[in-house]
Student: 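Can you keep this structure in mind? I'll have questions shortly.
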Amino acid sequence: MSKAKMIKRMYREVHSLDRRLLPTTAVQAVIDSIKPFINIYFSARLITLLTQKANTKEIITNIALVLGINIVIFFLASFLNNYNENHRMMLLDLENKKVEEKLYNADYALLNDSVFKELLHRHEEAGKSRWARLPYFMWTTLQFTRGVLTTIISFIIIIPLLKVGFVRTGDTFFERPLFIVTIVAAIAVMAVVILIVASKINKSYLEANEKYAELDRIFYSFIDILGDYKTGKEIRLYKEQNLIDGIATQKILTDGEITLRKISMRTAKSSSFIAILGALVGFGMYLFIGVKGLFGLFGIGSLVLYCGSFMQIISGIMMFANTLGKLKEILPLARDYFKILEAESTMIYGNRELDLSNGFEIEFNNVSFKYPKNDNYALKHINLKISNGEKLAVVGRNGSGKTTFIKLLCRLYDVDEGEILINGINIKEYTRDSLNNLYSVVFQDYKILSLTVADNISASDECDNAKLYSALEKANIKARIEAMPQKEKTYLYKDLDKSGVEISGGEAQKLALARALYKDSPIVILDEPTAALDPIAENEIYSRFNSFVENKTAIYISHRLSSCAFCDRIAVFDNAELVETGTHNELISANGRYAELWNAQASYYLE
Ligand code: ADP
């Protein structure tokens, strides 16, 4: 997308996130630009009145007027300044809210896409400073507009000064038209030089910022590692702090300091050049205005007006120049943001509601699947029927495709070949809610959020306490929650609430189980639900398993073959294929893959 199109798009985005910010920024730019000229104008006017010995009433009226205007303008300017600054900062939160919505609705596969992950990472990094993307763009817009307006107003004011030069009132050098041309040319040259040098300075800032960002990244990652309770064990035992300290010192002393010193020398040189140039042109202009005044070409009031306005030309050009290189900083990050929002979803949901009044039957019909950008089949030619109320165990070695089977069933991914049917209809035809409501899943890599126990279990802000405690009891974690300071209202972990409670892996797994039970869906899927539990807790869960699932359909993945005993049927996966199905006894007598796994485990466990 071209620069102009991106700029247009950013304004549209700002306007859609915050309807008031563009108009209030425009008003602020106008008021900020007019502000200095009010005092310049009235000072000139008062001096003129004084030199003309005007009557006191007129002088007092003018003083009162300038005071009144100053109060109103000052109040308006500072109100708008605060208002716009707060709203600019909030833009970043509004952007992120949009990104969150996008992420929730994006295809699950996208979350594992390396290009998309890199995009998200850059978006997060950029957002760590609120001086980024749309807020930065709006600040730049404000400065740019102020700079342009200030320069234009100043020019309009000093036009009469230039005209005066054409009226020959004497024979001095200062009355020659050539002199006027010289002055205008000097201002123009100065403006161009300021713009060029300022864009160089901006480039240096950009480079310095990149260096700072790199150093920040390194040091925050070190702080993360050194301050992390979990890695703290290894750091201490292996004395890794010396290693990290060495890298940190080298990064600061070599990369960091030398690069930044070079950049600041360059910036200092350019800045002094601008300052000297500004002073020279300023000196020339003041001399010109002063000499003209001396020749009596205009009064002392006009002298003040012209000098003041000329000062404003310099400050206007500087302000405008300061914004020149900013687009280079803003555009790439804004592009990332728009790319995230544009990420395409290929998974289209149907609008058929799933009717469960007569139960259901699920069928995998010759299903094959490869993970995106992966050449190997994660599942190959799977044919399997799961009927209402059935308890199905899924077993197999690591990487044989068990979890992938569950992901396809829940339609987190779409199959590459074959189809998955529910009640004879392809799952693609059902609504997202129909499918979501069908399953309660505890994944192997379940995640408990840093919210309250009730929020986590009910997955909503409305929690039915009776149901909650019944689920907690079934998952054997009720007593632990009741002992927490604020019971089910206690925050877990400390990210969102400092008084949050840290829980162990086993406790978290029980909570994940309770969350699945609270959801109370027709199909319960447990993917290695007891991996983090000790043998006693594991045993308790097994003995309660039938009461968890009652007459629901259950799919149960486990490494521990003995724990599948209560299942009606066992499906054995091997190397992406479904190699056997049957009851425990049938599979043992078949003496196939299951019998092999069973015998291998029997030699470790006394079962
Ligand atoms: P299991 O649950 O039986 O341990 P999985 O279903 O997790 O096995 O994995 C099946 C195969 O798919 C493995 O070869 C694994 O490496 C691969 N796989 C699993 N998840 C992903 C993923 N997100 N991206 C790419 N490959 C994956």
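Indexing begins at 1, ligand by ligand and atom by atom, following the structure's order.
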Student: Any idea which of T404, I406, N112 brings a heavy atom closest to atom 24 (N) of ligand 1?
Tutor: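 Selected option, by shortest heavy-atom distance: N112.
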
Student: Are R593 and E596 within salt-bridge range, i.e. N to O under 4.0 Å?
Tutor: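 Counted as a salt bridge, because a side-chain N and a carboxylate O are separated by less than 4.0 Å.
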
Student: For the ring pair Y349 and Y430, is the centre-to-centre distance below 6.0 Å?
Tutor: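 Ring centres of Y430 and Y349 not closer than 6.0 Å.
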
Student: Checking a contact table here: which protein heavy atom is nearest atom 2 (O) of ligand 1, and how many Å away?
Tutor: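 Result for atom 2 (O) of ligand 1: T403 OG1, 2.7 Å.
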
Student: Which of the numbered atoms in ligand 1 are under 4.0 angstrom from any heavy atom belonging to N398?
Tutor: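 Within the 4.0 Å cut-off of N398, ligand 1 contributes 4 (O).
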
Student: For the CZ atom of F137 and the CG atom of L327, what is their distance to the nearest 0.5 Å?
Tutor: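 Those atoms lie 7.0 Å apart.
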
Student: If the threshold is 4.0 Å, N to carboxylate O, is there a salt bridge linking D18 and R88?
Tutor: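 No, this pair does not count.
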
Student: Report yes or no: does a heavy atom of G396 sit under 4.0 Å from some atom of ligand 1?
Tutor: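 Flag not set, G396 not near ligand 1.
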
Student: Which residue, E13, H123, E342, forms the side-chain hydrogen bond (donor to acceptor under 3.5 Å, both in side chains) with Y337?
Tutor: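 Of the listed options, the one satisfying the test is E13.
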
Student: Check ligand 1 against K402 and write out every atom of the ligand that is under 4.0 Å from a heavy-atom position of the residue.
Tutor: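 By the 4.0 Å cutoff, the relevant atoms are 1 (P), 2 (O), 3 (O), 4 (O), 6 (O), 8 (O).
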
Student: Select the closest option to atom 20 (N) of ligand 1 among F369, Y371, Y108, judged by heavy-atom distance.
Tutor: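 Looking at heavy atoms only, Y371 sits closest to atom 20 (N) of ligand 1.
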
Student: How far does CD1 of I503 sit from CZ of R480, to the nearest 0.5 angstrom?
Tutor: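 Reported to 0.5 Å precision, the distance equals 7.5 Å.
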
Student: Under 4.0 Å from ligand 1, counting heavy atoms only, is it the side chain of N374, its backbone, both or neither?
Tutor: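 Just the side chain.
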
Student: Taking only residues at least two apart or on different chains, which pairs with a member in residues 355-380 satisfy salt bridge (Lys or Arg N to Asp or Glu O under 4.0 Å)?
Tutor: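 Counting only pairs at least two positions apart or across chains, the salt bridge (Lys or Arg N to Asp or Glu O under 4.0 Å) contacts touching residues 355-380 are D113-K373.
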
Student: Protein heavy atoms: any of them under 4.0 Å from atom 16 (O) of ligand 1?
Tutor: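 Protein heavy atom within 4.0 Å of atom 16 (O) of ligand 1: absent.
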
Student: Is any N or O atom of Y413, backbone or side chain, closer than 3.5 Å to an N or O atom of ligand 1?
Tutor: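 No - when backbone and side-chain N and O of Y413 are compared with those of ligand 1, no distance drops under 3.5 Å.
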
Student: Within the 4.0 Å heavy-atom shell around R397, which atoms of ligand 1 are there?
Tutor: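 Selected atoms, number and element: 3 (O).
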
Student: For N351, is the CG atom crowded, meaning more than 12 foreign heavy atoms sit under 6.0 Å from it?
Tutor: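 For N351, atom CG is not crowded (no more than 12 foreign heavy atoms under 6.0 Å).
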
Student: Which protein heavy atom lies closest to atom 13 (C) of ligand 1, and at what distance to 0.1 Å?
Tutor: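 Going by distance alone, atom 13 (C) of ligand 1 is nearest to G399 O, 3.7 Å.
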
Student: For the 3.5 Å polar cut-off, considering only N or O atoms, please tell me whether A378 and ligand 1 meet it.
Tutor: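 By distance alone, the answer is no.
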
